Asker: 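For reference, the structure I am asking about is given below.
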Amino acid sequence: MLLARDPGPAVRAATLSGLATVGDNSSRWARLVTALTNDPDPTVRQRVALVARHLAPEDLSDILHRLADDPEATVRQAAAAQLARLPR
């Protein structure tokens with residue numbers, strides 16, 4: 001997906017949001033979402049935390065735990081909020 005590699009972080013984040021609205025919970029975007037957990041921009045990593053349940057449901061716990069240790073507080077907070085929503 002070329003837009004996910006766009007130089008603009010707002011475009012990468014918007015791409016994730018757009019993909020999440022498609023309603024495809026098949027995990028076909030899991031590789032992309034996992035790769036974007038390492039995006040240099042915290043806005044993109046925060047968006048990953050918010051949409052991973054829709055785009056990478058099988059990898060959700062691993063993705064959120066990785067983001068829970070992010071250097072940026074906003075990313076950690078988003079990951080923690082999504083981790084709290086996971087079934088126990």
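Everything numeric here is computed off the predicted structure, so don't read it as measured data.
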Asker: Kindly indicate whether the side chain of Leu60, heavy atoms from C-beta on, has any atom under 4.5 Å from the side chain of Leu86.
Answerer: yes

Asker: Rounded at 0.5 Å granularity, tell me how far CZ in Arg45 sits from CZ in Arg12.
Answerer: 10.0 Å

Asker: Could you tell me which non-hydrogen atom of Ala13 sits nearest to which non-hydrogen atom of Val44, and how far apart they are?
Answerer: N-CG2, 4.1 Å

Asker: Are side-chain heavy atoms of Val51 and Leu19 found at a separation under 4.5 Å?
Answerer: no

Asker: Provide the closest heavy-atom pair for Ala49 versus Leu64 in the form atom of the first, atom of the second, distance.
Answerer: O-CD2, 3.7 Å

Asker: How about Leu67 and Val48: do any of their side-chain heavy atoms sit closer than 4.5 Å?
Answerer: yes

Asker: Under the 3.5 angstrom rule, does the side chain of Thr34 hit a backbone N or O of Arg31 as a donor-acceptor pair?
Answerer: no

Asker: Restricting to non-hydrogen atoms, name the atom on Glu72 and the atom on Asp70 that form the minimum distance, rounded to 0.1 Å.
Answerer: N-OD2, 2.9 Å

Asker: Would you compute the distance between atom OG of Ser61 and atom CD of Gln82 and round it to the nearest 0.5 angstrom?
Answerer: 12.5 Å

Asker: For a quick test of reading the model, state the closest non-hydrogen atom pair linking Ala78 to Leu50 and the distance between them.
Answerer: CB-CD2, 4.2 Å

Asker: In Å, rounded to the nearest 0.5 Å, how long is the span from CG of Leu16 to OG1 of Thr43?
Answerer: 11.5 Å

Asker: Show the nearest heavy-atom pair for residues Ala30 and Asp59, with the distance to one decimal.
Answerer: CB-OD2, 3.3 Å

Asker: Ignoring hydrogens and geometry, is there a side-chain-to-backbone donor-acceptor pair from Arg76 to Pro71 under 3.5 Å?
Answerer: yes

Asker: Indicate, with yes or no, if Val75 and Leu32 share a hydrophobic cluster defined by side-chain heavy-atom contacts under 4.5 Å among Ile, Leu, Val, Met, Phe, Trp and Tyr.
Answerer: yes

